[in-house]
*Asks:* 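Here it is, the structure, as structure tokens.
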Amino acid sequence: MKKIIVLMMGMLALPACMYFDTPPVCVNVTKLEMPVMFGNNMLLQRDMEAPVWGETTPGATVEVKIAGQTKTATAGKDGKWKLKLDPLKPGGPLIMTVKAGKKSLTFKNVSAGDVWICSGQSNMAWPVSRSINAQEEIKGANYPQIRLFKVANNSNCVEPSTKCRGSWQVCSPSSVKYFSAAGYFFGRMLHKELKIPIGLIGTNWGGTPAESWMPVSALKTDPDFQPIIDRCDKDKADYDKKLKVFKEKYPAWRKEYREYRKKVAQLKKEGKVQEIRKLKRPGRPRRPYGPGNPRTYSVLYNGMIHPLVPYGIKGAIWYQGEANAGRAYQYRKLLPAMVKAWRQAWGEGDFPFLIVQLANYRSTTNDPNRASAWAELREAQFMTTEIPNAAIAAAIDIGEARSIHPLNKQDVGKRLALAALGTTYDRKLVHYGPVYDTMKIDGGKIRLYFKHMGGGLVAKGGELKHFAIAGKNKKFVWANAKIDGDTVLVWSDKVKDPVAVRYAWADNPASANLYNKEDLPAFPFRTDDWPGRTINSK
């Protein structure tokens, strides 16, 4: 008996983790770290099992508390841990605490609502401070239940990264100033309509093609994308050689350009405007693409998308395409492949993906047969809506001939929000302008049928314009067009046996004026499938 008592007393002196046949590891927790996506003012995705993750000492138990629930996870051998919260109802403020041993993190002013990724190139990056009515918009941007997170630019990732830079900010005049205008106006309308908190994650970079935002694995799934990889790899291989040539040419160009500017100034002074037009402007040598070039395939996915995964989101909005316009046929497959890759990475199923169709841009044309890469890119964008849970917002009437960056981002945001309300949120409202459906040859004319007519078709500002018609010779002429009930009749005395119609098929179809009564413009379309300008561009 004395031996048993001594043995029991000895056991009491041992750590609790030694009482079991297979004892848990005793851990001295030395660190507790979480991605910057978790911080004060963050917005967590409502009504889903939102993931929470981080790093700590291997084997340590991590405890997360929020809104009356407690969740635990054990870190693996690599120190990484992950858990999922029970679904949160929209609202706040909440406090989330994370503990491991004596280490702890506390996040304040947390809310639950809908989180949207705002990605693309410069038109998505375009800030509120440079949109129309900027000062008024900034002054009124007091929305404590809208949260903004701007991902810092990072193109130096040759492999997927788990880290990015940024922080959650409460929407205010100071925080909204340099945030995505399209993203903010989209989120503001959703917040007002849904009466819930909205989180916006801005991850965008001007001048970048879609392939920069895709994982390399997605590009390798289709041989049509191999030229992208080959082209970028060749640029990298030739970088040193091309950089040397650039450095040799640049000083001579600068000298020549200064002389050119002097001649222009002198001719202006003398009033010789015609002579200025005859001068040849020296072409600036192009600096070669090298390490850190954001136009290289996959680098922005690696550095600015992958670090966000698997943060709980509602969906994504996307304003991009200008950089891919010369390869519009390729974009028909490229954009859906990117969407698929993002959805696979998040593992949340077919989350909503909303696209801004390119705005009208460049000079107008009097030639209905003039090829347009921008028209073909718009077509590719619209074709992407054929994949599950994708929608699109028109911008064909808000562009600017001389600027690739329309200042009217309010209507962009509004139309994105309408698309979301009508699809993602199942609101009973008109969320699209007229969409071409089918056609029928009708006595030497072509009758067009539409979907999404809303209250009815409207010719805004007068007679319908920017319709073109062609016969079997595939030569288009400008056509007459009129609304006939729920259809549009198109004809021309120059084409007796028409077979095809195009509408707003140009870089800048500024005169296009088919709308519905809800003042939403018809999407550009063509009834033919004849090969276009970019069909062989890779």
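Throughout, numbering of the chain's residues begins at 1 and tracks the sequence.
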*Asks:* Are D230 and K234 within salt-bridge range, i.e. N to O under 4.0 Å?
*Replies:*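 Not counted as a salt bridge, because no side-chain N and carboxylate O are separated by less than 4.0 Å.
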*Asks:* When rounded to the nearest 0.5 angstrom, what distance separates CG in N204 from CZ in F179?
*Replies:* 7.5 Å
*Asks:* Quick check for you: to the nearest 0.5 Å, what is the distance between L190 atom CG and I196 atom CD1?
*Replies:*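 Between atom CG of L190 and atom CD1 of I196 there are 8.0 Å.
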*Asks:* To the nearest 0.5 Å, what is the distance between CG on L32 and OG1 on T56?
*Replies:* 5.0 Å
*Asks:* For the pair W213 and Y301, evaluate ring pair (Phe, Tyr, Trp, His ring centres under 6.0 Å) and give the outcome as yes or no after the intermediate values.
*Replies:* CA-CA 4 Å; W213 299 95; Y301 174 83; 9.2 Å; no
*Asks:* Would you kindly say whether Y297 and D233 are connected by a side-chain donor-acceptor distance under 3.5 Å?
*Replies:*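 Y297 vs D233: donor-acceptor pair found between side chains.
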*Asks:* Is the side chain of Q410 donor-acceptor paired with the backbone N or O of F185 at a distance under 3.5 Å, no angle test?
*Replies:* no
*Asks:* Determine, stepwise, if the pair F107 / L105 fulfils side chain to side chain contact (heavy atoms under 4.5 Å, CB included).
*Replies:* CA-CA 7 Å; F107 304 121; L105 298 170; 4.0 Å; yes
*Asks:* Within a strict 4.5 Å, meaning less than it, do heavy atoms of the S167 and V36 side chains meet?
*Replies:* no
*Asks:* Which residues pass the salt bridge (charged side-chain N to carboxylate O under 4.0 Å, His left out) test with R147, not counting sequence neighbours?
*Replies:*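 In terms of salt bridge (charged side-chain N to carboxylate O under 4.0 Å, His left out), with neighbours along the sequence ignored, R147 is linked to no residue.
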*Asks:* Are T221 and K333 close enough, and set up right, to give a side chain to side chain contact (heavy atoms under 4.5 Å, CB included), and what steps lead you there?
*Replies:* CA-CA 11 Å; T221 60; K333 299 173 73 175; over 6 Å; no
*Asks:* Could you check if a side-chain atom of I198 sits within less than 4.5 angstrom of a side-chain atom of Q145, using non-hydrogen atoms only?
*Replies:* no
*Asks:* Roughly how far apart are K65 NZ and S104 OG, rounded to 0.5 Å?
*Replies:* 11.5 Å
*Asks:* Anything under 30° is parallel, anything over 60° is perpendicular, the rest tilted; go ahead and classify W53 against F38.
*Replies:* perpendicular
*Asks:* Hey, mind stepping through Y239 and N293 against side-chain hydrogen bond (donor to acceptor under 3.5 Å, both in side chains) and telling me if it holds?
*Replies:* CA-CA 11 Å; Y239 176 69; N293 170 36; over 6 Å; no
*Asks:* Going by atom types only, do T162 and H306 share a side-chain donor-acceptor pair under 3.5 Å?
*Replies:* no
*Asks:* Do the side chains of W205 and L300 get nearer than 4.5 Å, heavy atoms only?
*Replies:* yes
*Asks:* Is R287 positioned over the aromatic face of Y289, cation under 6.0 angstrom from the ring centre and no more than 45 degrees off axis?
*Replies:*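 Cation-pi check for R287 and Y289: fails.
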*Asks:* Determine whether a donor-acceptor pair (N or O, by modelled atom type, separation under 3.5 Å) exists between the side chain of S119 and the backbone of T203.
*Replies:*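 Indeed, once roles are kept as given, a pair shorter than 3.5 Å links the two residues.
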*Asks:* Determine whether a donor-acceptor pair (N or O, by modelled atom type, separation under 3.5 Å) exists between the side chain of T424 and the backbone of L421.
*Replies:*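 Looks like no, no N/O pair under 3.5 Å.
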*Asks:* Any Lys/Arg nitrogen of K177 or E137 sitting under 4.0 Å from an Asp/Glu carboxylate oxygen of the other?
*Replies:* no
*Asks:* Is the shortest heavy-atom distance from the side chain of F149 to the side chain of L43 under 4.5 Å?
*Replies:*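 Contact flag for F149/L43 side chains = no.
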*Asks:* Just so I know, are the side chains of M42 and M37 near enough to count as touching, which here means a heavy-atom distance under 4.5 Å?
*Replies:*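 No, their side chains stay 4.5 Å or more apart.
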*Asks:* Pair L308, I201 - check side chain to side chain contact (heavy atoms under 4.5 Å, CB included), show working.
*Replies:* CA-CA 9 Å; L308 310 179; I201 301 175; 4.0 Å; yes
*Asks:* For K409, does its backbone N or O pair with a side-chain atom of S131 as donor and acceptor, under 3.5 Å?
*Replies:* no
*Asks:* Can any side-chain N or O of T423 pair as donor or acceptor with the backbone N or O of A419 at less than 3.5 Å?
*Replies:*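 Yes; judged by distance alone, with no hydrogens or angles, the pair exists.
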*Asks:* With a 3.5 Å distance limit and no angle check, can you tell me whether T385 reaches the backbone of A391 through a side-chain donor-acceptor pair?
*Replies:* no
*Asks:* With distance as the sole test, does N389 use its side chain to make a donor-acceptor pair with the main-chain N or O of D350 at under 3.5 Å?
*Replies:* yes
*Asks:* With a distance cut-off below 6.0 Å to the six-membered ring centre and an angular limit of 45° from the axis, does R332 pair with Y329 as a cation-pi contact?
*Replies:*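 The answer is yes; both the distance and angle limits are met.
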*Asks:* Go through the structure and list residues passing side chain to side chain donor-acceptor pair (under 3.5 Å) with D411, not counting sequence neighbours.
*Replies:* N408
*Asks:* Does R130 count as lying over the ring of W126, i.e. NZ or CZ under 6.0 Å from the six-ring centre, within 45 degrees of the axis?
*Replies:*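 Output yes; distance and angle both within limits.
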*Asks:* Any heavy-atom pair between the side chains of R188 and Y143 that's under 4.5 Å?
*Replies:* yes
*Asks:* Set out, in order, the CA-CA distance, both residues' side-chain angles and the distance that settles ring pair (Phe, Tyr, Trp, His ring centres under 6.0 Å) for Y311 and W346, then state yes or no.
*Replies:* CA-CA 8 Å; Y311 196 83; W346 257 277; 9.3 Å; no
*Asks:* With distance as the sole criterion, is a donor-acceptor pair present between the side chains of S372 and D507 under 3.5 Å?
*Replies:*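 There is such a pair (donor and acceptor under 3.5 Å, judged by atom type) between the side chains of S372 and D507.
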*Asks:* Quick one: does any side-chain atom of S298 pair with a main-chain N or O of S212 as donor and acceptor, under 3.5 Å?
*Replies:* no
*Asks:* Under 3.5 Å, is there a donor-acceptor pair between the N40 and N109 side chains?
*Replies:*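 No - no donor-acceptor pair under 3.5 Å links their side chains.
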*Asks:* Answer yes if the side chains of Q330 and D224 hold a donor-acceptor pair under 3.5 Å, and no otherwise.
*Replies:*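 Looking only at side-chain atoms, D224 and Q330 do not form any donor-acceptor pair under 3.5 Å.
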*Asks:* Quick one: do E55 and K31 make a salt bridge, cutoff under 4.0 Å?
*Replies:* yes
*Asks:* Would you indicate whether the side-chain heavy atoms of L200 and S180 approach each other to under 4.5 Å?
*Replies:*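 A side-chain contact is absent here, since even the closest heavy-atom pair is not under 4.5 Å.
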*Asks:* For residues T30 and K103, report the shortest heavy-atom separation together with the two atoms involved.
*Replies:*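 T30 and K103 have their closest heavy atoms at O-CE, 3.4 Å.
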*Asks:* May I ask you to decide if the ring planes of Y436 and F525 are parallel, tilted or perpendicular, using 30° and 60° as cut-offs?
*Replies:*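 Y436 vs F525 ring planes: parallel.
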*Asks:* How about NZ on K538, more than 12 heavy atoms from neighbouring residues, nucleotides or ligands closer than 6.0 Å, or not?
*Replies:* yes
*Asks:* We want to know whether E322 and N123 form a side-chain donor-acceptor pair, criterion being a heavy-atom distance below 3.5 angstrom.
*Replies:*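 Their side chains do contain a donor-acceptor pair, which is all the 3.5 Å distance test asks for.
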*Asks:* Would you please say whether a donor-acceptor pair under 3.5 Å links the side chains of E63 and T72?
*Replies:*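 No - no donor-acceptor pair under 3.5 Å links their side chains.
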*Asks:* First locate atom CG of L94, then atom CG of L88, and finally report the distance between them rounded to the nearest 0.5 Å.
*Replies:*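 Taking CG in L94 and CG in L88, the distance rounds to 6.5 Å.
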*Asks:* Give the intermediate values and the outcome of side-chain hydrogen bond (donor to acceptor under 3.5 Å, both in side chains) for residues E376 and T534.
*Replies:* CA-CA 8 Å; E376 292 173 17; T534 67; 2.6 Å; yes
*Asks:* Should T97 and V64 count as side-chain neighbours, where that means a heavy-atom distance under 4.5 Å?
*Replies:* no
*Asks:* Applying side chain to side chain contact (heavy atoms under 4.5 Å, CB included) between F523 and each of R378, E379, Q357, report the one that passes.
*Replies:*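 That would be Q357; it is the only one of R378, E379, Q357 passing the side chain to side chain contact (heavy atoms under 4.5 Å, CB included) with F523.
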*Asks:* List the atom pairs, donor and acceptor, that lie under 3.5 Å between side-chain atoms in residues 76-87 and the rest of the protein, sequence neighbours left out.
*Replies:*
residue: D78; atom: OD1; partner: K80; partner atom: N; Å: 3.0
residue: D86; atom: OD1; partner: K71; partner atom: NZ; Å: 2.9
residue: D86; atom: OD2; partner: K71; partner atom: NZ; Å: 3.3

*Asks:* Does a side chain donor of either Y331 or Q320 reach within less than 3.5 Å of an acceptor in the other side chain?
*Replies:*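 Side-chain D/A pair, Y331 to Q320: present.
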*Asks:* Around atom NZ of K236, are there more than 12 heavy atoms of other residues, nucleotides or ligands at under 6.0 Å?
*Replies:* yes
*Asks:* Quick one: does S403's side chain have a donor or acceptor within less than 3.5 Å of a partner on E400's backbone?
*Replies:*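 Such a contact is absent between S403 side chain and E400 backbone.
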*Asks:* Is there a salt bridge (Lys or Arg N to Asp or Glu O under 4.0 Å) between E211 and R327? Walk through the geometry before answering.
*Replies:* CA-CA 12 Å; E211 56 264 26; R327 296 179 277 126; 2.8 Å; yes
*Asks:* Look only at the side chain of R415 and the backbone of A394, and say whether a donor-acceptor pair between them is shorter than 3.5 Å.
*Replies:*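 Yes, R415 side chain to A394 backbone: donor-acceptor pair under 3.5 Å.
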*Asks:* Can you tell me how far NZ of K451 sits from OH of Y432, rounded to the nearest 0.5 angstrom?
*Replies:*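 Reported to 0.5 Å precision, the distance equals 9.5 Å.
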